[in-house]
Amino acid sequence: MKTQIAERIAQALKKLEIHFPLEKIEVEFPKVKEHGDYSTNIAMVLAKELKNTPRKIAEELVAVLSEYKDFFQKIEIAGPGFINFFLEPSAYHEALKNVWDKNNELVLPNIGNNKKVLIEFLSANPTGPMHVGHGRNAVVGDVLARLLEKVGYQVTREFYINDHGVQIRTLGRSGQYYYKRLVGDINDEQLADDVYRGEYLEILVKKLKEEIKELVGDTLLIGKLLGEHLLEKIKVELERLDIRFDRYFSESSLYSKGKIDEMFEALKDKTYERDGALWFHSTLFGDDKDRVLRKNDGSLTYFSPDIAYHLDKFERNYDFYINVFGADHGGYIQRLQAAVEALGYETNRLEFILMQMVNLKRGDEKVGMSKRSGAYVTLGEVIDEVGPDATRFFFMMRSHQTTLDFDLELAKKHSSENPVFYLQYAHARICSIFNKLSEKGENDSLSEANLDLTSLDLPEELEMIKLLLKYPEVMMQAAVKREPHRIGFYLLEIAKLFQNYYTKGKLNPRYRVLEGEKEQIQAKFYLLTAIRAVLRLGFKILGVSAPEYMEAPEAEE
RNA sequence: GCGCCCAUAGCUCAGCUGGAUAGAGCGUUGGUCUACGAAACCAAAGGUCGCAUGUUCGAAUCAUGCUGGGCGCGCCA
């Protein structure tokens with residue numbers, strides 16, 4: 001719709017012999033209804049160049065634009081020189097008919113052009129269960145991936161497994177400790193300091209008792225064994241949230257495939273030795289200080305394999321890369337970028353999304369530590385309590401750059417306070433209407449062949465159409481800015497308009513979908529179908545289910 | 001001390017590349033069911049957009065400084 005208006009403005013400018021590129025014409029949605037359906041600031045932009053007052057320019061433009069009589073209902077000049085457009089309902093009706101593609105799916109803008117994106121997210125250490133912070137990372141990463149796919153990118157989801165190095169040894173020692181305790185070789189006083197603690201380990205060790213028995217003494221192998229099992233548990237939890245990775249990239253494979261050596265070779269000129277350690281001269285590439293790659297005891301820092309991993313990523317030649325990191329890894333961005341640059345790749349192909357923290361709450365009460373597991377409440381426990389839909393939605397409803405309060409109480413509520421419920425309820429209501437419609441046997445006669453939408457003339461109906469037509473722009477903005485939370489807000493707006501419209505039907509039959517002339521019912525059905533489709537599209541991207549029916553609660557007295 | 005993020009209504013937050021009277025939800029107060037699901041809806045009250053300076057036709061939005069909060073600053077991972 002915006003582009004249609006912009007094109008008409010461009011044509012008008014041409015007639016006035018003013019040269020101005022179409023792409024630069026800004027058409028926007030005014031905040032206030034009185035300012036029209038759309039507006040443009042073009043007259044103000046041109047004022048300086050043409051050495052004329054904005055209002056004069058606007059007047060000339062409007063004179064030409066007024067010729068599009070069947071498109072614009074009214075054009076006004078307002079304020080310092082805004083041109084406000086009021087569109088004919090028929091313009092909206094036409095636009096509404098054109099939201100579908102050949103497969104009867106909503107048309108989506110293709111901004112990706114099949115470009116290849118690698119999105120790395122979550123990458124949780126396989127040393128224990130995931131907590132809520134991981135949950136946010138997983139969901140935002142997944143939604144971003146889904147969204148980018150929808151707007152035409154070729155997306156690969158990747159999980160980097162830290163299965164090599166100190167934490168795996170620590171895990172192994174922890175396993176050995178719990179094993180010995182299990183078979184009675186050790187008592188509580190001999191508890192080692194640097195082991196992972198937790199009920200989950202105790203249970204896992206008990207389960208793997210026989211395998212561990214074979215490995216006693218070799219903590220590395222025990223660690224690997226436990227790590228594999230813990231990774232499987234992570235995958236099971238992710239499956240509950242409908243999250244799957246295309247590839248689990250093993251850190252140890254970097255060693256076995258020689259990537260580490262390759263990395264050292266590639267950085268040869270950018271490193272130096274000092275105090276028996278090997279340093280990466282990262283300050284040459286914008287980092288605060290140089291970083292150690294190989295410690296003076298000969299072992300590698302965590303950073304080294306990470307560089308090798310990114311070398312591997314870039315060798316696989318994607319158009320760009322997105323890393324979704326937790327806020328606690330913020331300090332890592334600069335040095336990783338320095339490394340990428342030192343390896344000779346363009347740093348602007350590597351983007352970072354920094355997730356802020358999650359505070360778990362129950363009403364007004366903060367949920368901190370859980371006594372049982374000695375760890376933060378796990379992601380699994382959250383899913384158990386509020387279900388996968390609410391879990392996903394709540395992680396998504398804030399911009400990733402602000403801290404998130406996750407209220408478990410709210411997430412469970414079946415009322416409009418709970419946004420997930422509110423959205424799903426709106427969807428279920430539409431489905432319910434459609435069921436009634438097919439009971440009446442009218443469904444079959446609704447064809448698009450001679451569809452007449454002119455009866456959709458209520459202000460509420462036009463409002464819904466206007467908002468509906470914004471969905472491509474919402475998706476585009478969310479994708480471009482990497483801010484998928486916008487989708488949820490948009491869906492809530494639509495649901496609200498629909499609920500309002502629906503309720504008006506209680507008193508006024510004109511608002512009832514199932515009443516009126518056949519053409520009217522048909523037109524209303526068509527509109528609701530489009531609304532439902534937008535809701536479903538949004539649900540799909542957010543990974544929330546679209547229930548057609550929701551169980552009524554017990555009647556309360 | 002340095003770096004990243006945040007600060008908007010009583011609470012939780014939106015606010016698109018700077019635009020015309022700053023928006024939702026919850027909470028508060030009042031109202032709406034013989035009718036497509038009241039699990040819903042409507043209305044009202046409620047704001048020096050943390051503070052200051054600057055950029056310009058125009059700033060919640062951009063820049064700089066300050067204040068307050070979160071995270072990070074290892075030859076840890």
Side-chain angles (χ1 to χ4, degrees), chain A residues 26 28-32 34-35 39 41 44 47-48 54 78-82 84 125 127 162 165-168 170 274-279 288-289 291-297 299-303 306 326-334 352 354-357 359 361 364 397-405 407 410 413-419 421-422 424-426 428-437 470 473-474 476-478 480-481 483 485-486 488-490 492-493 496 499-509 511-515 524 528 549-553 556:
Chain A
E26 291 181 35
E28 50 194 28
F29 304 106
K31 280 184 198 160
V32 199
E34 288 71 40
H35 295 150
S39 76
N41 60 354
M44 281 132 83
K48 237 180 211 167
F82 290 102
N84 297 334
N125 282 349
T127 52
N162 295 118
V166 180
Q167 77 275 20
I168 289 298
T170 309
R274 195 177 76 202
D275 305 331
L278 183 71
W279 294 72
D288 300 340
K289 40 186 149 181
R291 309 288 170 177
V292 172
L293 296 182
R294 193 191 298 116
K295 300 180 239 174
N296 60 14
D297 68 0
S299 68
L300 300 185
T301 59
Y302 178 84
F303 189 33
D306 236 29
D328 52 345
H329 284 66
Y332 219 68
I333 294 177
Q334 213 170 27
F352 293 87
L354 211 54
M355 308 284 323
Q356 295 301 316
M357 296 180 47
N359 297 318
K361 286 175 138 182
D364 288 333
M397 62 184 196
R398 296 280 174 260
S399 154
H400 57 76
Q401 48 200 349
T402 74
T403 50
L404 170 72
D405 285 332
D407 184 348
L410 182 60
K413 274 191 188 158
H414 282 199
S415 75
S416 56
E417 288 170 65
N418 179 351
F421 170 82
Y422 186 80
Q424 292 182 326
Y425 183 58
R429 258 187 168 171
I430 295 175
C431 293
S432 163
I433 294 172
F434 287 0
N435 285 336
K436 284 260 155 60
L437 197 63
K470 286 188 192 173
E473 179 158 341
V474 171
M476 218 170 72
Q477 291 282 352
V480 169
K481 299 195 159 256
E483 291 182 352
H485 70 283
R486 291 173 186 233
F489 282 100
Y490 171 71
L492 284 167
E493 267 184 79
K496 186 177 161 100
Q499 294 283 33
N500 177 357
Y501 176 73
Y502 177 92
T503 308
K504 286 217 162 101
K506 296 280 171 207
L507 299 172
N508 185 346
Y511 286 79
R512 269 172 240 157
V513 180
L514 302 177
E515 286 186 33
K524 287 186 277 193
L528 288 205
Y549 175 79
M550 293 170 88
E551 199 69 35
E556 282 177 44

Any base atoms under 4.0 Å from A:Met44, or only sugar-phosphate, or nothing? Heavy atoms, all strands.
base
Atom CD1 of A:Ile433 and atom C1' of B:rC36: how far apart are they, to the nearest Å?
5 Å
Pairs counted only when both distances fall under 3.5 Å, Watson-Crick or G-U: show me the 5' to 3' dot-bracket for RNA chain B, [ ] for pseudoknotted crossings and | for other-strand partners.
(((((((..((((.....[...)))).(((((.......))))).....(((((..]....))))))))))))....
Which nucleotide in the set B:rA20, B:rC36, B:rA40 lies at the smallest distance from any side-chain heavy atom of A:Asn84?
B:rA20
On the six-membered ring of A:Phe29, is A:Lys470 placed so that its NZ or CZ lies under 6.0 angstrom from the centre and within 45° of the ring axis?
yes
Within the 4.0 Å heavy-atom criterion, would you say A:Tyr502 contacts the bases, only the backbone, or no part of the nucleic acid?
base
Strictly below 4.0 Å: does A:Gln401 bring a side-chain N or O up to OP1 or OP2 of B:rC6?
yes
Winner on side-chain proximity to A:Glu473, out of B:rA14, B:rC16, B:rC36, is B:rC16
Nearest-Å distance once atom C1' is located in both B:rC2 and B:rU53
25 Å
Can B:rC62 be described as syn, meaning its chi torsion is within 90° of 0, or is it anti?
anti
For atom CG of A:Asp405 and atom C1' of B:rU12, their distance in whole Å
7 Å
Indicate, with a heavy-atom threshold strictly under 4.0 Å, whether A:Asp407 touches base, sugar-phosphate, or nothing.
nothing
Proximal nucleotide (of B:rU12, B:rA77, B:rA24) relative to the A:Tyr332 side chain:
B:rA77
Donor-acceptor under 3.5 Å (A:Asn162 side chain, A:Asn125 main chain):
no
Touch check for A:Ser432, heavy atoms < 4.0 angstrom, all strands: base, sugar-phosphate only, or nothing?
base
Have a look at A:Ser399 and say if it touches a base, only the backbone sugar-phosphate, or nothing, with a 4.0 Å heavy-atom cut-off.
sugar-phosphate
Hey, which sits more toward the 5' end of RNA chain B by its nearest nucleotide, A:Val513 or A:Gln356?
A:Gln356
Is the base of B:rA35 touched by the side chain of A:Arg512 through a donor-acceptor pair closer than 3.5 angstrom?
yes
Report yes or no: does A:Asn418 contribute a side-chain atom to a donor-acceptor pair with the main-chain N or O of A:Leu410 at less than 3.5 Å?
yes
Check whether any side-chain nitrogen or oxygen of A:Ser416 sits under 4.0 Å from OP1 or OP2 of B:rC26, and answer yes or no.
yes
With a 4.5 Å cut-off on side-chain heavy atoms, are A:Gln499 and A:Tyr425 touching?
yes
If you check the A:His485 side chain, which of B:rU17, B:rC73, B:rG15 turns out closest?
B:rG15
Within the 4.0 Å heavy-atom criterion, would you say A:Gly505 contacts the bases, only the backbone, or no part of the nucleic acid?
base
Could you check whether A:Lys496 gets within reach of a base, just the sugar-phosphate, or nothing at all, counting any heavy atom under 4.0 Å?
sugar-phosphate
Closest listed nucleotide, where the reference is the side chain of A:Glu26 and the choices are B:rA38, B:rA20, B:rU17:
B:rU17
So what does A:Leu354 touch, heavy atoms closer than 4.0 Å: a base, only the sugar-phosphate, or nothing?
sugar-phosphate
From B:rG19, B:rA14, B:rC26, nucleotide with atom closest to A:Arg398 side chain:
B:rA14
Restricting to side chain to side chain donor-acceptor pair (under 3.5 Å), what partner residues turn up for A:Glu515, sequence neighbours left out?
A:Arg512
Nearest to the side chain of A:Glu417, heavy atoms from C-beta on, is which of B:rG27, B:rA40, B:rA77?
B:rG27
Kindly point out which of B:rA77, B:rG74, B:rG70 is positioned nearest to the side chain of A:Thr403?
B:rG70
Indicate yes or no for a side-chain donor-acceptor contact from A:Asp275 to the backbone of A:Ala277 under 3.5 Å, with no hydrogens or angles considered.
no
Give one of base, sugar-phosphate or nothing for A:Phe489, where a contact means two heavy atoms less than 4.0 Å apart.
sugar-phosphate
What's A:Asn359 touching, base or sugar-phosphate or nothing? Going by heavy atoms closer than 4.0 Å.
nothing
Mind checking if A:Tyr549 touches a base, just sugar-phosphate, or nothing, with heavy atoms under 4.0 Å?
base
For A:Arg486, answer base if it contacts any base atom (sugar-phosphate contacts may also be present), sugar-phosphate if it contacts only those atoms, and nothing otherwise; contact means non-hydrogen atoms under 4.0 Å.
sugar-phosphate
Looking for any heavy atom pair under 4.0 Å, which part of the strands does A:Asn41 touch: base, sugar-phosphate only, or nothing?
base
NA contact type, A:Asp328, heavy-atom cut-off 4.0 Å: base, sugar-phosphate, or nothing?
sugar-phosphate
Can you find a pair of side-chain heavy atoms, one from A:Tyr422 and one from A:Lys496, that are under 4.5 Å apart?
yes
Under the 3.5 Å rule, do the base of B:rA77 and the side chain of A:Thr301 count as making a donor-acceptor pair?
no
Considering only B:rA40, B:rC42, B:rA20, which nucleotide approaches the side chain of A:Thr503 most closely?
B:rA40
B:rA77 phosphate, OP1 or OP2, under 4.0 Å from A:Asn125 side-chain N/O
no
